[in-house]
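These numbers were taken from a predicted model, which means no experiment stands behind them. Count residues from 1 along the sequence.
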Amino acid sequence: MSKKHRLIKFVTAAAVLVLGASTFGSTAEAATTLKVGATKTPHSIILNHVKPQLKKEGVNLKVTVFQDYSLIDKALVAKNLDVTYFAHKPYLEQEIAKNGYKISDIGAVHLEPIGAYSKTVKSLKNVKDGATVLVSNNRPDYGRILQILKDANLITIKKGTKLTDADFTDIASNPKHLKFKHNYDPKLMPELYKNNEGDVIFINANFAVQGGLNPKNDAIALEKKSSPYANILEVRKGDKNKPAIKKLKKALQSKSTQNWISKHFKGAVLPAK
């Protein structure tokens, strides 16, 4: 082989290597980082479950775990996050009304059934007259609690009341004279139950699980799956059609993920689809 031919072959090989490196770089750069704000249980667990699948689809999921509900939507609005996954629609509606947030609900993923827990009775129907009922200060949950109490025939609710907007002033009759206390941080409710500080304590499933409780086995009454309080994905208005966000939504709502939620949490967290 002549020097000229060897030179041409060398230059061609070098060009192929450069082109290959360029193509690899383009593929790497095409991967999108999606920043999601969530609470620890079950949200971050579910997100980490779909993370490998999304990576194969070019989406690098970065999950930030928050302890304080009120900070998550603030971070989304400030563009420190792309998506939030921690709350139900009535909570989002309250935040929009209060703060004017331009946030959209893009779909439900799961339901964390709120439950009644008690160390004194095994059924809500057996609650004694004048019993103390402890509830968190998360107002959007009040309608859920009223519905459970209504289903147990402990209260009636004023006609025309929209449960997603209801509070304890919407009780029409309370024949057992239940006393409601509702000034507690949601994450403290399992401790109040363990310390037997009320006759009935209402606890969100995520905090119940974090507190070592199994809602399916330990609650004396649980919210029904038909509840409108399924946990949703939130994005800034105008972002719902971004490819990476659509991939996240599809992964979380897929049949395989929904089945995994049901099996992994053993009924403590219910699939929304």
Side-chain angles (χ1 to χ4, degrees), residues 39 69 86-95 108 110-211 213-232 267-270 272:
T39 43
Y69 279 1
F86 74 104
H88 48 62
K89 192 165 185 176
Y91 177 88
L92 173 60
E93 290 172 346
Q94 172 190 274
E95 290 298 286
H110 75 270
L111 173 70
E112 298 168 26
I114 199 165
Y117 296 77
S118 177
K119 288 185 177 291
T120 58
V121 294
K122 293 184 178 180
S123 170
L124 273 180
K125 294 177 181 179
N126 297 330
V127 170
K128 66 183 180 182
D129 191 274
T132 299
V133 179
L134 305 186
V135 180
S136 83
N137 57 14
N138 190 35
R139 191 184 184 285
D141 285 338
Y142 294 170
R144 309 168 76 178
I145 293 164
L146 293 177
Q147 183 65 59
I148 292 172
L149 294 170
K150 179 177 178 289
D151 289 344
N153 297 314
L154 292 177
I155 63 167
T156 62
I157 300 170
K158 294 175 183 175
K159 287 184 179 180
T161 298
K162 183 181 177 184
L163 277 176
T164 52
D165 296 330
D167 62 25
F168 298 101
T169 64
D170 293 304
I171 294 174
S173 65
N174 179 10
K176 285 200 173 182
H177 310 98
L178 302 178
K179 298 172 185 175
F180 296 96
K181 294 184 179 181
H182 44 80
N183 58 343
Y184 306 98
D185 189 296
K187 62 178 176 285
L188 297 179
M189 304 311 289
E191 286 303 313
L192 297 177
Y193 165 69
K194 289 174 183 177
N195 294 334
N196 200 21
E197 295 192 32
D199 298 295
V200 178
I201 297 93
F202 280 89
I203 310 175
N204 288 80
N206 60 325
F207 293 117
V209 171
Q210 286 179 37
L213 299 169
N214 184 314
K216 188 176 180 180
N217 298 331
D218 298 325
I220 62 170
L222 265 184
E223 183 176 22
K224 295 176 181 176
K225 190 176 179 180
S226 57
S227 166
Y229 290 86
N231 279 221
I232 59 173
V269 178
L270 304 175

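Among residue pairs with one or both ends in residues 178-203, those qualifying as salt bridge (charged side-chain N to carboxylate O under 4.0 Å, His left out) are Lys128-Asp199, Asp185-Lys187; sequence neighbours excluded.
In this structure, Tyr142 contributes its side chain and Ser136 its backbone to a donor-acceptor pair below 3.5 Å.
To the nearest 0.5 Å, the span separating CG on Asp141 from CD1 on Ile203 amounts to 12.0 Å. Between the CG atom in Leu188 and the CD1 atom in Ile201 there is a gap of 12.5 Å [rounded to 0.5 Å]. Taken to the nearest 0.5 Å, the NE2 atom of His182 stands 9.5 Å off from the CD1 atom of Ile145. Atom CZ of residue Phe168 and atom CG of residue Asn174 lie 10.5 Å apart, to the nearest 0.5 angstrom. Distance CZ/Arg139 to CG/Asp165: 7.0 Å, rounded to 0.5 Å. Note that CG of Leu146 is 6.5 Å distant from CG of Leu163, once rounded to the nearest 0.5 Å.
By the salt bridge (Lys or Arg N to Asp or Glu O under 4.0 Å) test, Lys119 pairs with no residue at all, sequence neighbours left out. Taking the side-chain hydrogen bond (donor to acceptor under 3.5 Å, both in side chains) definition, one finds that Ser173 meets it with Thr156, sequence neighbours left out. Remark: Asp170 pairs with no residue by the salt bridge (Lys or Arg N to Asp or Glu O under 4.0 Å) rule, at least two apart or across chains. With sequence neighbours excluded, the residues that form a salt bridge (Lys or Arg N to Asp or Glu O under 4.0 Å) with Glu223 are Arg144.
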Inset, instruction - Please assess Phe180 against Ile171 for the test side-chain contact (heavy atoms from CB on, under 4.5 Å), listing each intermediate value before the final yes or no. - result: CA-CA 11 Å; Phe180 296 96; Ile171 294 174; 3.6 Å; yes
Legend entry - Check against side-chain contact (heavy atoms from CB on, under 4.5 Å), Thr39 and Phe207: CA-CA 10 Å; Thr39 43; Phe207 293 117; 5.8 Å; no
Inset, instruction - Go through the steps to decide whether Asn204 and Met189 satisfy the test side-chain contact (heavy atoms from CB on, under 4.5 Å), and finish with yes or no. - result: CA-CA 8 Å; Asn204 288 80; Met189 304 311 289; over 6 Å; no
Legend entry - Worked check of side-chain hydrogen bond (donor to acceptor under 3.5 Å, both in side chains) between Asn206 and Gln210: CA-CA 6 Å; Asn206 60 325; Gln210 286 179 37; 6.0 Å; no
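Nearest approach of Pro113 to Ala205, heavy atoms of both residues: O-CB, 3.5 Å. Between Asn231 and Phe86, the closest heavy-atom pair is OD1-O, 3.2 Å. Nearest heavy atom pair, residue Ala116 against residue Phe202, reads CB-CE2, 3.7 Å. Taking every heavy atom of both residues into account, Ile148 and Ala221 meet most closely at CG2-CB, 3.9 Å. Here the closest heavy-atom approach between residue Pro175 and residue Asp129 is recorded as O-OD2, 3.8 Å. Here the closest heavy-atom approach between residue Ala272 and residue Ala230 is recorded as CB-CB, 4.2 Å.
Note on ring orientation: taking the six-membered ring where Trp is involved, the planes of Tyr229 and His88 are perpendicular (angle over 60°, cut-offs 30° and 60°).
Within 6.0 Å of the NZ atom in Lys176, the count of heavy atoms belonging to other residues, nucleotides or ligands exceeds 12.
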Donor-acceptor pairs under 3.5 Å, side chain of residues 213-220 to any protein atom, not counting sequence neighbours: which ones?
unit_1	atom_1	unit_2	atom_2	d
Asn214	OD1	Lys216	N	2.9
Asn214	OD1	Asn217	N	3.3
Asp218	OD2	Asn214	N	2.7

